[in-house]
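These numbers come from the heavy atoms of this one structure, side chains and all, not from hydrogens, waters or symmetry mates. Note that the structure is predicted; figures quoted are calculated from it, not measured. For reference, positions follow the sequence shown, starting with 1.
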Amino acid sequence: MAFSMFSTRYNCTGMDVYEELLRLRKLGQKCAIATIVQVRGSIPSYESAKLLVREDGSMIGTIGGGCVEAEVWNAAREVIEKEQPRHLSFNLGQDAAYDNGLICGGQLDVFVEPVLPVPGAFIFGAGHISKSISKVATLAGFSTTIVDNRENFANRERFPEAGEIYAEEYEEVFAKLPVNETSYVIVVTRGHRDDMRVLRWAISTNARYIAMIGSKRKVINVIHELETEGIAAESFARVFAPMGLEIGAVSPEEIAVSVVAEMIAVRRNADSGWRALSKSVFADESLRALLLK
């Protein structure tokens, strides 16, 4: 695969790879960094050379061009999708290396790692449970945003660790929130109707995690009511409701640990069988059947 096929995707403006990495993280976008970590013999590049590949396939930097870079580009796309690093080894032999006519005969190892943005946790509701979730989520590496239509609840005094706080009506805030596939939406408002307002919007986003507090009966009633509005049942399949893992949590602090543990499991793609502990009605076959009635 010749490098010319990728030339239109290559940004050769001299943009600093690290500056672009930081810019993408602030935008909540994933990328991958490929670095030459070891060189043996002669190659048309140098150890520590870097290539950054964005989610859309565009890239800046270079590890030398040609076939090797094309293979690394393909690997980077997979790394972004799976969020798992890869180690690649190349033996250039005595052929023209990197399609540039140089006879190098060296070997090189390339490490491709995913660079993920700080996940945003958008917490709707500013009561006691939300206060604890914000604290625990922040400790776990999430950037929290608080949304509530009560100024005496949604304020900096109650949520000093939050990145953003909105004391406005929910519908007025939705468009302001940078929700994407790395986002976590937690619905913990003060009532059934407010929960519905937020959940209706949340399922229209591509958030990675959507969760709502409440009893199983409440969750089923909310979903059935939204279905009467014409929302398809399958739209709720990715909702975690009731939210959190079944660990016997009672206090707001314990509930927060339960919910953030579930968020971490989703974030890390855990293969520990944690879904069996999920309180969500969608994790139980019999309860899921009730939603289809």
What verdict does the salt bridge (charged side-chain N to carboxylate O under 4.0 Å, His left out) test give for Arg208 and Glu83, after you've listed the backbone C-alpha separation in whole Å, the side-chain angles of each residue and the deciding distance to 0.1 Å? CA-CA 14 Å; Arg208 184 165 189 162; Glu83 300 181 0; 3.0 Å; yes
Before you tell me yes or no, could you show the steps for Ser89 and Gln107 under side chain to side chain donor-acceptor pair (under 3.5 Å), namely the whole-Å CA-CA distance, both residues' side-chain angles and the distance that decides it to 0.1 Å? CA-CA 7 Å; Ser89 296; Gln107 297 91 41; over 6 Å; no
Passes salt bridge (charged side-chain N to carboxylate O under 4.0 Å, His left out), Glu253 versus Lys131? Steps please. CA-CA 9 Å; Glu253 295 79 10; Lys131 188 176 178 181; over 6 Å; no
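The OG atom of Ser130 lies 8.5 Å from the CD1 atom of Ile186; values are rounded to the nearest 0.5 Å.
In summary, Lys30 and Glu81 do not engage in a salt bridge, as defined by a charged side-chain N under 4.0 Å from a carboxylate O. Salt bridge Lys176/Glu168: present, at least one basic N to carboxylate O contact under 4.0 Å. Between Arg197 and Glu169, at least one side-chain N (NZ, or NE/NH1/NH2) sits under 4.0 Å from a carboxylate O, which counts as a salt bridge. Using a 4.0 Å cut-off between charged nitrogen and carboxylate oxygen, Asp195 and Arg190 do not count as a salt-bridge pair. A salt bridge is absent between Asp56 and Arg54: the closest approach of a Lys/Arg side-chain nitrogen to an acidic carboxylate oxygen does not fall below 4.0 angstrom. The residues Arg200 and Glu171 are annotated as not salt-bridged, no charged nitrogen and carboxylate oxygen being separated by less than 4.0 angstrom.
Closest approach of Ile231 and Ile203 over heavy atoms only: CG2-CD1, 3.6 Å. Counting all heavy atoms, side chain and backbone alike, Phe111 lies closest to Pro85 at CZ-CB, 3.7 Å. Scanning all heavy atoms of the two residues, the minimum distance from Ala162 to Ile146 falls at CB-CG1, 3.9 Å. Nearest heavy atom pair, residue Val281 against residue Ile220, reads CG1-CG1, 4.4 Å.
More than 12 heavy atoms of other residues, nucleotides or ligands sit less than 6.0 Å from atom CD of Glu78.
Residues Phe122 and Tyr184 place their aromatic rings such that the two centres sit no closer than 6.0 Å. Aromatic rings from Phe240 and Tyr209 are positioned such that their centres are separated by under 6.0 Å.
Inter-residue side-chain proximity for Lys50 and Tyr18 is flagged as met; some heavy-atom pair is nearer than 4.5 Å.
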